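Heads up: the structure comes next, in structure tokens.
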Amino acid sequence: MPRKRRVVLPGYPHHILHRGHNRQAVFKEEEDYSKYLADVKELKRSFGLDVYAWCLLPNEVHLLVNPGDDAAAMGEFMKSLAARMTRFRNAREARRGTLWESRYRSSPVQESWMLPCVRFLETLPVREEWVPSADGYRWTSLAERLGPVGTGILDVVPGWLTLGADEARRRQAYTTYLNAPAPEWEQDLIRNAVERNQLTGDANFADEVEALTGNRISNRGRGRPPKKDP
């Protein structure tokens, strides 16, 4: 089956997934995580992207970004991030060869799905059983979202200001939302959309994207549809 073409929309947020080649670890030492986030901070400015959330696991990266007016900026951003980490690891370990899967995956995200996507990223280490609670994992955007001191990477996610009248109330409301059990269907939609380069959103969002691109992007499950009874 041919690989589904990635759709990148200028001005829209996108959930990005990039894995290590053959699921190998891309982050082995603490300095690897710190280096990657430093590169995110530098390159988001160079390419004019907004970054709304991130999660760095040992063998994969999740980012929630907006490429701004230039859709091509997202690809250049990801290419530069991957190349820098590959050079860094290769130099330290006297190794050669690729570190990442050749293609990252991405999903345009409907604005009403932004907070669910942020929650998905910031609770992923819990679902993957790296930590018992989301605030126990260092390499997501959660600490910067809720803490007084950050990395300078995080931009205000659409929908954030609706959570409360001031920052303290917004943080409390988000903490409650984060700790509430997310519906399984919601988690499946977000996960499947990014895995398959599909849309994170509802049918109205599919209509909106079709009007912009001329292509209908439907969220479909794996495999062939079941046969109908005669």
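Predicted model, so just to flag it, every value in this text is computed and none were measured.
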Quiz item: Is the NZ or CZ atom of R145 positioned over Y52's six-membered ring, under 6.0 angstrom from the centre and within 45° of the axis?
Solution: no
Practice problem: May I ask you to decide if the ring planes of F27 and Y33 are parallel, tilted or perpendicular, using 30° and 60° as cut-offs? | Solution: parallel
Practice problem: Would you kindly say whether R84 and S80 are connected by a side-chain donor-acceptor distance under 3.5 Å? | Solution: no
Quiz item: Taking the six-membered ring for Trp, is the centroid-to-centroid distance between W160 and Y174 below 6.0 Å?
Solution: yes
Self-check item: Between S141 and E122: side-chain donor-acceptor atoms closer than 3.5 Å
Solution: yes
Exercise. Mind running salt bridge (charged side-chain N to carboxylate O under 4.0 Å, His left out) on E93 and R89 for me, showing each step along the way?
Key: CA-CA 6 Å; E93 300 169 21; R89 284 277 311 280; 2.5 Å; yes
Quiz item: Hey, does L142 have a side-chain heavy atom less than 4.5 Å from the side chain of Y137?
Solution: no
Exercise. Spell out, yes or no, whether M114 and V194 are grouped together once hydrophobic residues are joined by side-chain heavy atoms under 4.5 Å, including indirect joins.
Key: no
Quiz item: Do R105 and R6 have side chains that get closer than 4.5 Å, going by heavy atoms?
Solution: no
Exercise. Quick one: pull up CH2 in W139 and CG in L57 and give me the separation to the nearest 0.5 Å.
Key: 12.5 Å
Quiz item: Linking I/L/V/M/F/W/Y whenever any side-chain heavy atoms sit under 4.5 Å apart, do L17 and V109 land together?
Solution: no
Quiz item: If we only count heavy atoms from C-beta on, is the R127 to F120 side-chain gap below 4.5 Å?
Solution: yes
Practice problem: Determine, stepwise, if the pair R23 / E60 fulfils salt bridge (charged side-chain N to carboxylate O under 4.0 Å, His left out). | Solution: CA-CA 8 Å; R23 304 295 179 99; E60 68 183 36; 5.3 Å; no
Self-check item: salt_bridge(K35, E30) N-O dist < 4.0 Å
Solution: no
Quiz prompt | Q198 and N192: side chain donor to acceptor below 3.5 Å | solution = no
Practice problem: Specify whether F77 and F47 have parallel, tilted or perpendicular ring planes, treating 30° as the upper limit for parallel and 60° as the lower limit for perpendicular. | Solution: perpendicular
Quiz item: Using 4.0 Å as the upper bound for N to carboxylate O, is an ion pair formed by E31 and R92?
Solution: yes
Quiz item: Of the non-hydrogen atoms in S106 and V7, which two are nearest, and what is the gap between them?
Solution: OG-O, 4.3 Å
Exercise. Decide, yes or no, whether a salt bridge links R169 with D166 under the criterion of side-chain N to carboxylate O below 4.0 Å.
Key: yes
Quiz item: Say you draw a straight line from OG1 of T86 to CG of L99; how long is it, rounded to the nearest 0.5 Å?
Solution: 4.5 Å
Quiz item: If every non-hydrogen atom of G201 is compared with every non-hydrogen atom of L189, which pair is closest and at what distance?
Solution: N-CD2, 3.9 Å
Quiz item: Which atoms form the tightest heavy-atom contact between P10 and P67, and what is the distance?
Solution: CA-CG, 4.5 Å
Exercise. Measure centre to centre between the rings of H62 and W54, then say whether the value is under 6.0 Å.
Key: no
Self-check item: N-O pairing of R191 and E195 below 4.0 Å
Solution: no
Practice problem: Please work out which of the three classes, parallel, tilted or perpendicular, describes the rings of H18 and Y104, given edges at 30° and 60°. | Solution: perpendicular
Practice problem: Decide yes or no on side-chain hydrogen bond (donor to acceptor under 3.5 Å, both in side chains) for Q24 and N59, but give the supporting numbers first. | Solution: CA-CA 6 Å; Q24 70 177 312; N59 68 346; over 6 Å; no
Quiz item: Nearest heavy-atom pair of L121 and C55: which atoms, and what distance?
Solution: O-CB, 3.4 Å
Practice problem: Report yes if the side chains of Y177 and L115 come closer than 4.5 Å at any heavy-atom pair, otherwise no. | Solution: yes
Quiz item: Are E210 and R216 side-chain neighbours, meaning at least one heavy-atom pair lies under 4.5 Å?
Solution: yes
